[in-house]
S.K.: 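Quick one: structure below, then a few questions.
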Amino acid sequence: MKVQEFLAQGTEKSASELIRQAGRLPADKLTWQPADTARNALDQVAECAVIGRFIPNILETRETPKFDEESMARFKAAKEELDTLEKASEALQASTALTAAAIRAMPDEALEETMQFFGPEPWTILQIMGMHKWNMDYHCGQICYIQTLLGDKDMF
């Protein structure tokens with residue numbers, strides 16, 4: 001199996017698991033925050049859905065998205081449109097499908113190319129290909145933590 005297929009399959013699995021874990025929360029707890037500075041589960045799924053839209057373009061253009069005030073306002077508005085788990089889940093599945101397709105289409109010779117992404121060190125295209133999966137796994141862990149705070153100790 002090529003690394004592209006491995007990452008694409010893993011990315012698709014991470015999206016499914018994020019949706020599954022968010023769906024295990026009681027409906028009235030999807031927007032519950034365990035602390036003022038914490039994020040709720042619905043916001044995290046929505047964020048992953050919106051970020052997943054950017055990855056294919058980054059892989060194609062090798063350009064980092066802008067993080068200026070205007071771009072961040074558009075990002076926030078896009079997240080806010082996903083105001084139900086159903087909407088956020090559908091958007092996440094759609095953006096993940098686009099990302100997985102872009103990963104599968106990446107030629108082997110491009111994997112070690114580098115570009116500036118986040119932070120001072122350049123990232124390889126291979127690392128950027130894994131970004132959506134990593135982000136969803138991170139947020140899935142946060143949602144699982146919210147579950148434990150609500151008393152859910154079942155691992156599956």
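Everything numeric in this text was worked out from a predicted model, so none of it was measured.
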S.K.: Using modelled atom types only, decide if a donor and an acceptor are shared between the side chain of S95 and the backbone of A49 within a distance under 3.5 Å.
M.R.: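 Yes; judged by distance alone, with no hydrogens or angles, the pair exists.
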S.K.: Grab the two heavy atoms, one from A8 and one from A100, that are nearest each other, plus how far apart they are.
M.R.: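 Nearest pair, atom of A8 first, then A100: CB-O, 3.8 Å.
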S.K.: Would you check, one step at a time, whether the test side-chain contact (heavy atoms from CB on, under 4.5 Å) holds for K133 with T99?
M.R.: CA-CA 10 Å; K133 178 186 182 343; T99 297; over 6 Å; no
S.K.: Check whether any side-chain heavy atom of L111 sits under 4.5 Å from a side-chain heavy atom of Q4, and report yes or no.
M.R.: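 Yes, side chains in contact.
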S.K.: Please answer: with hydrophobic residues joined when any side-chain heavy atoms are less than 4.5 Å apart, are L42 and I51 in the same cluster?
M.R.: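 No, L42 and I51 fall in different hydrophobic clusters.
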S.K.: Name all residues meeting the salt bridge (Lys or Arg N to Asp or Glu O under 4.0 Å) criterion together with R62; count only those two or more places apart in sequence or in a different chain, and write none if there are none.
M.R.: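 Per chain and number, R62 pairs via salt bridge (Lys or Arg N to Asp or Glu O under 4.0 Å) with E113.
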S.K.: Please determine, by modelled atom types, if S14 and D137 share a side-chain donor-acceptor pair under 3.5 angstrom.
M.R.: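 Checked: S14/D137 side chains pair up, N/O donor to acceptor below 3.5 Å.
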S.K.: Are side-chain heavy atoms of Q9 and R104 found at a separation under 4.5 Å?
M.R.: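 Yes - at least one pair of side-chain heavy atoms lies under 4.5 Å apart.
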S.K.: Would you give the length of the straight line joining atom CD of Q21 to atom CD of Q44, rounded to the nearest 0.5 angstrom?
M.R.: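 With rounding to 0.5 Å, CD (Q21) is 12.5 Å from CD (Q44).
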S.K.: Set out, in order, the CA-CA distance, both residues' side-chain angles and the distance that settles side-chain contact (heavy atoms from CB on, under 4.5 Å) for R20 and R24, then state yes or no.
M.R.: CA-CA 6 Å; R20 186 177 82 81; R24 291 186 60 201; 3.9 Å; yes
S.K.: If every non-hydrogen atom of P122 is compared with every non-hydrogen atom of T114, which pair is closest and at what distance?
M.R.: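 Taking P122 first and T114 second, the nearest heavy atoms are CB-CB, 4.0 Å.
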S.K.: Rounded at 0.5 Å granularity, tell me how far CG in N40 sits from CD1 in I143.
M.R.: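 N40 atom CG to I143 atom CD1 measures 9.0 Å (nearest 0.5 Å).
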S.K.: Can you list everything that forms a salt bridge (Lys or Arg N to Asp or Glu O under 4.0 Å) with D36? Sequence neighbours excluded, please.
M.R.: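 With neighbours one apart ignored, the set is empty.
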S.K.: Does the side chain of M72 reach to within under 4.5 Å of the side chain of F75, using non-hydrogen atoms?
M.R.: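 A side-chain contact under 4.5 Å exists here.
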S.K.: Once ring pair (Phe, Tyr, Trp, His ring centres under 6.0 Å) is applied, do any residues pair with Y138, and if so which ones, sequence neighbours excluded?
M.R.: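 Checked Y138 against ring pair (Phe, Tyr, Trp, His ring centres under 6.0 Å); matches are W134.
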S.K.: Output all residues satisfying salt bridge (Lys or Arg N to Asp or Glu O under 4.0 Å) with E63, sequence neighbours left out; order by chain, then residue number.
M.R.: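 For E63, no residue satisfies salt bridge (Lys or Arg N to Asp or Glu O under 4.0 Å) once neighbours in sequence are set aside.
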S.K.: Quick one: ring pair (Phe, Tyr, Trp, His ring centres under 6.0 Å) partners of F54, sequence neighbours excluded?
M.R.: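 Ring pair (Phe, Tyr, Trp, His ring centres under 6.0 Å) check on F54 returns nothing, list empty.
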S.K.: Supply the atom-to-atom distance T31 OG1 to D43 CG, rounded to the nearest 0.5 angstrom.
M.R.: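 Reported to 0.5 Å precision, the distance equals 10.5 Å.
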S.K.: Enter the distance from M1:CE to L7:CG here, rounded to the nearest 0.5 Å.
M.R.: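 Spacing of CE (M1) from CG (L7) equals 10.5 Å.
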S.K.: Scan residues 6-42 for pairs that pass ring pair (Phe, Tyr, Trp, His ring centres under 6.0 Å), counting only residues two or more places apart or in two chains.
M.R.: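 Checked against ring pair (Phe, Tyr, Trp, His ring centres under 6.0 Å) - neighbours excluded - no pair reaches residues 6-42.
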S.K.: With sequence neighbours excluded, give me every side-chain hydrogen bond (donor to acceptor under 3.5 Å, both in side chains) pair touching residues 84-93.
M.R.: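 Qualifying pairs, neighbours excluded: D83-K87.
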S.K.: With heavy-atom distances below 4.5 Å as the criterion, would you say the side chains of E17 and M136 are in contact?
M.R.: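 Result no, sub-4.5 Å side-chain heavy-atom pair not found.
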S.K.: For the residue pair F67 and F118, does the interplanar ring angle fall in the parallel (under 30°), tilted (30 to 60°) or perpendicular (over 60°) class?
M.R.: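 Ring orientation of F67 relative to F118: tilted.
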S.K.: Could you tell me which non-hydrogen atom of L18 sits nearest to which non-hydrogen atom of H139, and how far apart they are?
M.R.: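 It is CD1-C, 3.9 Å.
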S.K.: Can you name the one residue among I58, I55, N57 that meets side chain to side chain contact (heavy atoms under 4.5 Å, CB included) with P65?
M.R.: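 So the option named by the test is I58.
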S.K.: Using a 4.5 Å cut-off between side-chain heavy atoms of Ile, Leu, Val, Met, Phe, Trp and Tyr, which other residues end up in the same hydrophobic cluster as L98?
M.R.: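 None; L98 is a cluster of one.
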S.K.: On a heavy-atom basis, which atom in Q33 and which in A38 lie closest, and how many Å separate them?
M.R.: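 Heavy-atom minimum between the residues: NE2-O, 2.7 Å.
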S.K.: Identify the two heavy atoms, one from H132 and one from T11, that lie closest to each other, and give their separation to 0.1 Å.
M.R.: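 For H132 versus T11, the nearest heavy atoms are CD2-CG2, 3.6 Å.
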S.K.: Enter the distance from L25:CG to C144:SG here, rounded to the nearest 0.5 Å.
M.R.: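 Spacing of CG (L25) from SG (C144) equals 8.5 Å.
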S.K.: I want to check something: taking the side chain as every heavy atom from C-beta on, are V50 and R53 in contact at a cut-off of under 4.5 Å?
M.R.: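 A side-chain contact exists here, since the closest heavy-atom pair is under 4.5 Å.
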S.K.: Once ring pair (Phe, Tyr, Trp, His ring centres under 6.0 Å) is applied, what residue pairs with a partner in residues 82-111 remain, sequence neighbours excluded?
M.R.: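 Of all non-adjacent pairs touching residues 82-111, none passes ring pair (Phe, Tyr, Trp, His ring centres under 6.0 Å).
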S.K.: Please identify each residue that fulfils salt bridge (Lys or Arg N to Asp or Glu O under 4.0 Å) with K29, with sequence neighbours left out.
M.R.: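 With neighbours one apart ignored, the set is empty.
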S.K.: Excluding sequence neighbours, so at least two apart, what forms side-chain contact (heavy atoms from CB on, under 4.5 Å) with E112?
M.R.: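 For E112 the side-chain contact (heavy atoms from CB on, under 4.5 Å) partners, ignoring immediate neighbours, are T124, L126.
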S.K.: Give, for atom CZ of F117 and atom CD of Q127, the distance between the pair rounded to the nearest 0.5 Å.
M.R.: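 That separation rounds to 10.0 Å.
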S.K.: Not counting sequence neighbours, list each pair that qualifies as a ring pair (Phe, Tyr, Trp, His ring centres under 6.0 Å) and has a residue in residues 33-53.
M.R.: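 Those involving residues 33-53 do not exist here.
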S.K.: Do you know the tightest heavy-atom contact between A41 and I146?
M.R.: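 Distance-wise, the nearest heavy atoms are N-CD1, 4.0 Å.
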S.K.: Test your reading of the model: is there a side-chain donor-acceptor pair from Q116 to the backbone of P120, 3.5 Å cut-off?
M.R.: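 Confirmed, Q116 side chain pairs with P120 backbone.
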S.K.: Report the C-alpha separation of V45 and L82 in whole Å, then their side-chain angles, then the decisive distance to 0.1 Å, and conclude whether the side-chain contact (heavy atoms from CB on, under 4.5 Å) test is met.
M.R.: CA-CA 9 Å; V45 176; L82 305 176; over 6 Å; no
